[in-house]
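As structure tokens, the structure follows; a few thoughts come after it.
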Amino acid sequence: MGNIIKENLNSDGIDRRGFLKCMAWAGTGTLCVMQGGVLKSFAFGHGSNLDKAAMQGDFAFAQISDSHIGFNKAANPDVTATLREAIAKLNALPQSPEFVLHTGDLTQLSKADEFDTLDQSLKSVHTGRIYYVPGEHDVLNDNGAQFRERYGKDAQGDGWYSFDHKGVHFVGLVNVMNLKAGGLGSLGNDQLQWLKNDVRHLKHSTPIVVFAHIPLWSVYPQWGWGTDDSEQALSYLKKFGSVSVLNGHIHQVMQKVEGHVTFHTAMSTAFPQPAPGQAASPGPMKVPDDKLRSVLGITDINFVRGKHTLAVVDSPLSGG
Amino acid sequence: MKSYIRNVFLCAGLLGAVASAAMIHGVSIARAAEEKTAPSIAIDNFSFTPKELTVAAGTTITWVNRDDVPHTVVSTDKKFKSKALDTDDQFSFTFTDTGTYNYFCSVHPIMVGKIIVK
């Protein structure tokens with residue numbers, strides 16, 4: 001119960017102490033329940049204390065991220081095995097996710113056989129559909145041509161798109177292309193313009209879920225963990241009462257609430273990365289073999305219609 | 001007997017090596033000198049080391065990726081561009097013209113470096 005936000009909220013919905021408590025590093029999976037822009041957070045390890053009723057929703061979807069198929073270094077010599085464990089965990093959920101979001105870095109080097117291995121593994125997921133956005137590892141050497149050929153035939157521009165599911169508007173963005181020297185992730189003018197038009201005619205009460213690879217908030221710019229023009233993208237979403245932003249890239253769980261916007265990053269299915277500034281670089285982090293599975297995982301998300309409630313559970317591959 | 005034959009071949013081989021070394025004497029010296037000073041830039045911990053390097057025109061610089069993640073070496077004004085370099089992969093470029101060359105990693109653009117050619 002230690003991570004539950006108990007503070008009184010300011011009118012802007014930001015609860016600083018609660019926000020700080022809610023930031024969870026790798027290995028400490030967190031359940032977050034959002035109600036009308038207010039985030040409640042529970043340490044996932046305290047499973048017996050979870051209010052199961054709070055997790056009931058109209059539908060559930062899941063997020064997996066950063067599978068890095070093809071990576072074979074010390075931080076995890078068998079990333080296909082841990083992806084399969086994540087899939088087994090997904091398939092064991094009490095409620096099958098209606099769809100799955102993969103938030104990028106499917107592969108390590110954008111190689112065809114890496115994509116093939118990922119596709120083969122994900123065939124066993126019990127879900128209706130899998131939606132993808134590319135990570136920077138998926139668009140090496142070909143500006144994402146292969147990625148779009150496989151996963152983005154119906155997408156716009158470099159691969160962005162939106163869809164509606166049971167009253168919720170989902171937006172998949174691409175922020176790993178055409179990056180500028182010295183900069184961070186980038187959406188670019190074409191995509192921003194598209195986003196503006198995409199959400200223009202939606203009712204303010206429509207819940208919005210945005211997903212992209214690199215965080216759309218400034219996690220740690222010194223390591224490139226942010227997106228240069230994310231503020232402009234978020235300005236188009238200000239009118240909405242409930243906005244949830246799901247990202248990957250940093251291989252650890254972090255959350256933040258800003259007004260009606262909840263930001264959330266997911267664990268990797270492949271290897272952990274260090275907390276911001278806690279290592280010389282953001283490269284793959286070697287942890288003891290018996291600890292690896294506690295810092296990898298999936299995110300299971302329930303949506304409750306009418307209450308604008310999004311419940312997010314980060315589930316490590318072991319424990320929890 | 002076998003051992004004797006092998007020694008003969010070995011000697012012949014050595015002689016050959018000496019002879020060919022003599023024949024390309026001038027070139028060998030030049031190449032050795034170049035190798036001694038041929039600058040290389042390490043890509044390590046998501047940074048280029050050294051970050052800034054000054055060389056004479058005509059110098060070939062080699063980048064070597066020492067990280068567990070792929071990086072690229074891309075000139076900001078499109079003068080040169082490597083493919084994605086996996087661990088231990090290298091990229092070389094010969095700088096024939098004087099000037100300042102800014103470059104970055106297009107995968108992790110926070111990584112920047114500079115070559116000054118005099």
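A note on names: the letters A, B, ... follow the listed sequences, proteins ahead of strands, and every chain is numbered from 1.
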- Query: Can you find a heavy atom in the side chain of A/Leu184 that is under 4.5 Å from one in the side chain of B/Pro109?
  - Reply: no
- Where is the tightest heavy-atom contact between B/Thr76 and A/Ala181, given as atom of each residue plus distance? CG2-CB, 3.4 Å
- Atom CG of A/Asn189: over 12 foreign heavy atoms under 6.0 Å: no
- Message: To the closest 0.5 Å, what do you measure between NE2 (B/His108) and CH2 (A/Trp225)?
- Response: 11.0 Å
- Task: Give a yes or no on whether A/Lys286 atom NZ has more than 12 heavy-atom contacts from other residues, nucleotides or ligands under 6.0 Å away.
- Result: yes
- Message: Rounded to the nearest 0.5 Å, what separates atom CG in A/Asn143 from atom OG in B/Ser106?
- Response: 8.5 Å
- For A/Glu231, does the CD atom sit with more than 12 other heavy atoms under 6.0 Å from it, leaving out its own atoms? no
- State whether the side chain of B/Asp67 and the backbone N or O of A/Gly283 hold a donor-acceptor pair below 3.5 Å, judged by distance alone. no
- Rounded to the nearest 0.5 Å, the CG atom of A/Asp142 sits from the NZ atom of B/Lys83 at a distance of 10.0 Å
- Message: Counting only non-hydrogen atoms closer than 4.5 Å, does A/His137 touch chain B with its backbone (N, CA, C, O), its side chain (CB onward), both, or neither?
- Response: side chain
- Message: Restricting to non-hydrogen atoms, name the atom on B/Ala84 and the atom on A/Asn141 that form the minimum distance, rounded to 0.1 Å.
- Response: N-OD1, 2.9 Å
- chain B interface, residue from A/Leu179, A/Val139, A/Asn72, A/Asn178 that has the most non-hydrogen pairs under 4.5 Å: A/Leu179
- Task: Check whether any side-chain heavy atom of B/Asp68 sits under 4.5 Å from a side-chain heavy atom of A/Phe71, and report yes or no.
- Result: yes
- Turns out that what part of B/Val112 lies under 4.5 Å from chain A's heavy atoms comes down to side chain
- Item | B/Asn45: partners by side-chain hydrogen bond (donor to acceptor under 3.5 Å, both in side chains), with sequence neighbours left out | A/Ser281
- Query: With chain B, which of A/Pro284, A/Pro282, A/Ala280 has the greatest number of heavy-atom pairs at distances under 4.5 Å?
  - Reply: A/Pro282
- Would you give the length of the straight line joining atom CD1 of B/Ile110 to atom NZ of A/Lys180, rounded to the nearest 0.5 angstrom? 14.0 Å
